[in-house]
Amino acid sequence: MTATVTDRYLTRNGAETTSIVRQDPVVWGKGAEGPLTDADLLRFETKGFHNIATALTDDEVRACYDEISRLANRPELQDDPRVIRESGAGQVRSIFDVHLLSDIVSAVARRRDLLDLVRQILGSEVYLHQSRLNFKPGFSGGPFYWHSDFETWHAEDGMPVPRAVSISLALTPNFDVNGSLMIMPGSHREFISCAGETPDDYFKQSLVTHLPLTGSPDPETLTRMADTYGIEQMTGPAGSATVFDSNCMHGSNGNITPYPRSNVFLVYNSVANTLEEPYAARNRRPDFLGKRDFTPLQPSD
Ligand code: 6CS
Ligand code: FE
C-alpha cells in the first residue's frame, strides 16, 4: 500500500464516501494536432465523452464479432482466468486481453485514426492498459453497477491520475433498451472517494457481481450526481463507438431484450501515467487487468 498525503485521489481508506474536485486536466493535449475539432475537445472536457458514428467498417465489425465469438468457445480458454463468467448460468460475461487473443482486435486497437484521437486527448504517446469484450446476450446479459473506472485502476492497479480513456466499440447495435452504456455527463470532474477497504483478490468478485460493492458510491451520492448531471445513454449501430474519460461515473443495465449487445473496450493510458503500486489494495491485480508493458503503441498501417 503506497497511499500518502500526496495522493490527490485517496479512496477506500475506510472513511465515508466523499467528493473531491478533480485537479488534473481532462484534455491534456491543448493545441495538439488530431482529428477532433476545438468544439469536440471542449465538449469532451465538459461532458467526458465523445461519440463516433462510424469507427469500424462493416467488414471489421463482422471480423471482430466472428473471431470473438469463436474465442468464447475455444476449448483451451474454458478455464482461462481472462474469461469471466456470469455466476449463475456460467455464460461468458467478459473476455480480457482480447487484443492479445485476436489479431483483428490488435489491429483495430492500433488503427491510426483511433490512436491519433486518443493521443490528442491525452497529449502524449499511449499504451493499452486493458482490453476486454463485454457480452450481453439476449434475454440474459447481466448489468454493471455504477462506478468510475479510474477509482478502480487507482486503488487496485496503481494508476496515478485520470489520464486514460476508454473506447467502447459496438459490435452489435446498442439500443437504449439492450444494456447500453449509461454515463453521467460531467461526472468525470469530481472524484468520488469510496468507503470501505479493498478485500484481497477482490477482482474475483468485482468482475462478476451485479451489486454495489467496494468501489461504488453510496445511493445518496449517486442520487445527488444523477440529479446534478443527468444520465445519458450511449446508443448507436454496430461499428459506432464512444470514447470516454476514465473518471466518468457509468454503468449499464442487464439485457432482457432478444437483441444481444457486445462491445469491445480498449483502455488507453498515457505513457506519462504508468502504473505504480496499488494505492488502496494489498496486492497488484493480474496483468490482464492492468498491463505493465508501457511500450507506446505504433499504428498498425
Ligand atoms: O475492474 C476493472 O478494471 C473493470 N471493471 C469494470 C466494471 N469496468 C472497467 C474495468 O474493466
Ligand atoms: Fe467500467
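Counting starts at 1 for both ligands and their atoms, following the listed order. We number each residue from 1, following the sequence as shown. Scope of the values below: all heavy atoms of this structure, side chains included, with no hydrogens, waters or symmetry mates.
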Could you say whether the N/O atoms of His250 and ligand 1 ever approach to under 3.5 Å? no

At what distance is the nearest protein heavy atom to atom 5 (N) of ligand 1, and which residue and atom is it? Leu207 CD2, 4.1 Å

For atom 9 (C) of ligand 1, what's the nearest protein heavy atom and its distance? Asp149 OD1, 2.9 Å

How long is the straight-line distance from CE of Met182 back to CD1 of Ile231, given to the nearest 0.5 Å? 6.0 Å

For atom 6 (C) of ligand 1, closest protein heavy-atom neighbour: His147 NE2, 3.5 Å

Heavy-atom nearest pair, Phe244 first then Ser168, reads CE2-CB, 4.2 Å

Ring-ring centroid check Phe44 His50, cutoff 6.0 Å: no

Do NZ/NE/NH1/NH2 and the carboxylate oxygens of Glu86 and Arg93 come within less than 4.0 Å? yes

Ligand 1 N/O within reach of Asp157 N/O, cut-off under 3.5 Å: no

Is Asp113 salt-bridged to Arg111, cutoff N-O under 4.0 Å? yes

Can the positive tip of Arg132 be found less than 6.0 Å from the middle of the six-membered ring of Phe265, inside 45° of the ring normal? yes

Run the ring-centre check on Tyr268 versus His129 and record whether the distance is less than 6.0 Å. no

Can you name the atoms of ligand 1, numbered from 1 with element, that are less than 4.0 Å from a heavy atom of Thr152? 1 (O)

Among N, O or S atoms, Asp149 approaches the Fe ion (ligand 2) most closely through OD1

Answer side chain, backbone, both or neither: which part of Phe203 comes under 4.0 Å from ligand 1, heavy atoms only. neither

salt_bridge(Lys47, Glu232) N-O dist < 4.0 Å: yes

The answer for which part of Glu156 has a heavy atom under 4.0 Å from ligand 1 is neither

Do you know which N/O/S atom name in His250 is closest to the Fe ion (ligand 2)? NE2

closest protein heavy atom to atom 1 (O) of ligand 1 is Arg285 NH1, 2.9 Å

Nearest protein heavy atom with distance in Å, relative to atom 11 (O) of ligand 1: Gln130 OE1, 2.6 Å

